[in-house]
Amino acid sequence: MRRQLLTLFHREARSPLQVYAWKSADYAMCPPRKTDKRTLLMVSSVSGTTHDTVQAIDAVADRVHCIVAFTGRAECPIAEKANKKFIAAGAVDPYSASCLQMLVFFGKLMELKEGWGGMHHLINSLPNFANAYNAAGHYFNDLTMQIADHLKEHDKMLIVSTGNVEELGFVISDCNMVEKLKIFCEFVEASRFFHGPLELVKSGAPVLLLVGEDEYQPLMGPVQKFCEDNEANAVVYDTSSMKLPGIIYVTRPLFIPLILRGALKSLVSTLADAKGLDLDHRYFYGKVDYTVDQHGGHRLDPYLQFPSS
């Protein structure tokens, strides 16, 4: 979501207002010097307990004007520490619900601070999001079944995306293909594809191309042409020809990442069934606790460490 919000801001900003996006862990380590009583800090965590986010809040709680939290739980550390909170508890998909709340909140800020004229289109489209989300699943259903059957024997993959769907590529790669399906998956921004990752195409590893509808979409053109010319093992998820009743055209770039997420989550689930995997199984995630507080000073001696036999 942060990429969508930043793109919206940089496209529409006219005032001296400054907007930055950080990973919580990075922000906690070194908050910007400009963070002060004129700073509005927006944080997001579906669980409401993400350690990095808690640390980020604690690092600047006495310096900022207001902390606004978007979480999936009403009773959680992050909600307790925030001055204002938006809760997505009870939503079928708390992640998407939180993202929509952030989009509306930021859109209103843009309307008030920058005179953004798209807020009424956003609000009028919002009631139709659920239908559009479900429509994407049906639209890509046949493709999803074919892809899952095709990918089930592969343990390596590339995912390429850009613009508003860039973060979606990362989430599907790291949080789904790697974490849940144990597939060695590399996420690559379209702008980085021709600086090395293109050499992996000849390996036969599947290439999943996620095409958005924002101003960065043309960056995917050269990637798709290269994959076509070199007969890459590529699959394209492109919503441009998909009908989204009720979603006003100018708001499509803002909603597409979440709508496309629904189709890709279906792919992950179908692929798990095809590979006979349990999506709830983890080796380490949620079972270990390594933090900067406890282990920030830990260093390995300069030697190669091999697993014991």
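Any value given below was found using the heavy atoms of this structure, including those in side chains, with hydrogens, waters and symmetry copies removed.
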Think Arg3 forms a cation-pi with Tyr216, using NZ or CZ under 6.0 Å from the six-ring centre and within 45 degrees of its axis? yes
For a ring pair (Phe, Tyr, Trp, His ring centres under 6.0 Å) check, start with the C-alpha distance between Tyr27 and Tyr20, then their side-chain angles and the critical distance, and finish with the verdict. CA-CA 11 Å; Tyr27 188 85; Tyr20 303 96; 9.8 Å; no
For the [atom1] atom on [X], are there more than 12 heavy atoms of other groups (residues, nucleotides or ligands in this structure) within a distance under 6.0 Å?
X	atom1	result
Lys243	NZ	no
Phe194	CZ	yes
Lys34	NZ	no
Gln294	CD	yes
Lys84	NZ	no

Is the shortest heavy-atom distance from the side chain of [X] to the side chain of [Y] under 4.5 Å?
X	Y	value
Gln4	Pro253	no
Lys81	Val54	yes
His51	Val292	no
Phe184	Met177	no
Tyr237	Leu209	no
Lys85	Thr71	no
Val64	Arg38	no
Asp229	Cys227	no

Heavy-atom closest pair (Ala91 atom, Ala97 atom, distance to 0.1 Å) is CB-CB, 3.7 Å
Minimum heavy-atom distance Pro245-Asn128, with the two atoms named: O-CB, 3.8 Å
Ion pair present between Glu213 and Arg252, side-chain N to carboxylate O less than 4.0 angstrom?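 Judged by the 4.0 Å cut-off on N to carboxylate O distance, Glu213 and Arg252 do form a salt bridge.
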Apply ring pair (Phe, Tyr, Trp, His ring centres under 6.0 Å) to Phe226 and Phe193, showing your working. CA-CA 10 Å; Phe226 176 87; Phe193 180 79; 5.7 Å; yes
Using side chain to side chain contact (heavy atoms under 4.5 Å, CB included), reason through Phe86 and Met102 one step at a time and then give a plain yes or no. CA-CA 9 Å; Phe86 293 86; Met102 290 179 69; over 6 Å; no
Could you tell me the separation between the [atom1] atom of [X] and the [atom2] atom of [Y], rounded to the nearest 0.5 Å?
X	Y	atom1	atom2	answer
Lys275	His154	NZ	NE2	9.0 Å
Ser125	Ile248	OG	CD1	4.0 Å
Thr239	Phe255	OG1	CZ	13.0 Å

Just do the side chain to side chain contact (heavy atoms under 4.5 Å, CB included) check on Thr7 and Asp214 with the steps written out, would you? CA-CA 9 Å; Thr7 298; Asp214 53 87; 5.6 Å; no
Take Phe140 and His138 through the test ring pair (Phe, Tyr, Trp, His ring centres under 6.0 Å) and record every step on the way to the result. CA-CA 6 Å; Phe140 288 110; His138 295 299; over 10 Å; no
Between Lys265 and Asp93, does a salt bridge (charged side-chain N to carboxylate O under 4.0 Å, His left out) hold up when you go through it step by step? CA-CA 11 Å; Lys265 292 288 283 186; Asp93 183 352; over 6 Å; no
Name the one of Asn164, Leu168, Leu244, Thr251 that satisfies side-chain contact (heavy atoms from CB on, under 4.5 Å) with Ile256? Leu244
Going through the distances and angles, do Ser173 and Glu186 end up as a side-chain hydrogen bond (donor to acceptor under 3.5 Å, both in side chains)? CA-CA 7 Å; Ser173 171; Glu186 181 179 3; over 6 Å; no
Could you walk me through whether Ile159 and Ile172 pass side chain to side chain contact (heavy atoms under 4.5 Å, CB included), step by step? CA-CA 8 Å; Ile159 295 182; Ile172 295 300; 3.9 Å; yes
Derivation of the side chain to side chain contact (heavy atoms under 4.5 Å, CB included) call for Val207 and Val235: CA-CA 6 Å; Val207 183; Val235 176; over 6 Å; no
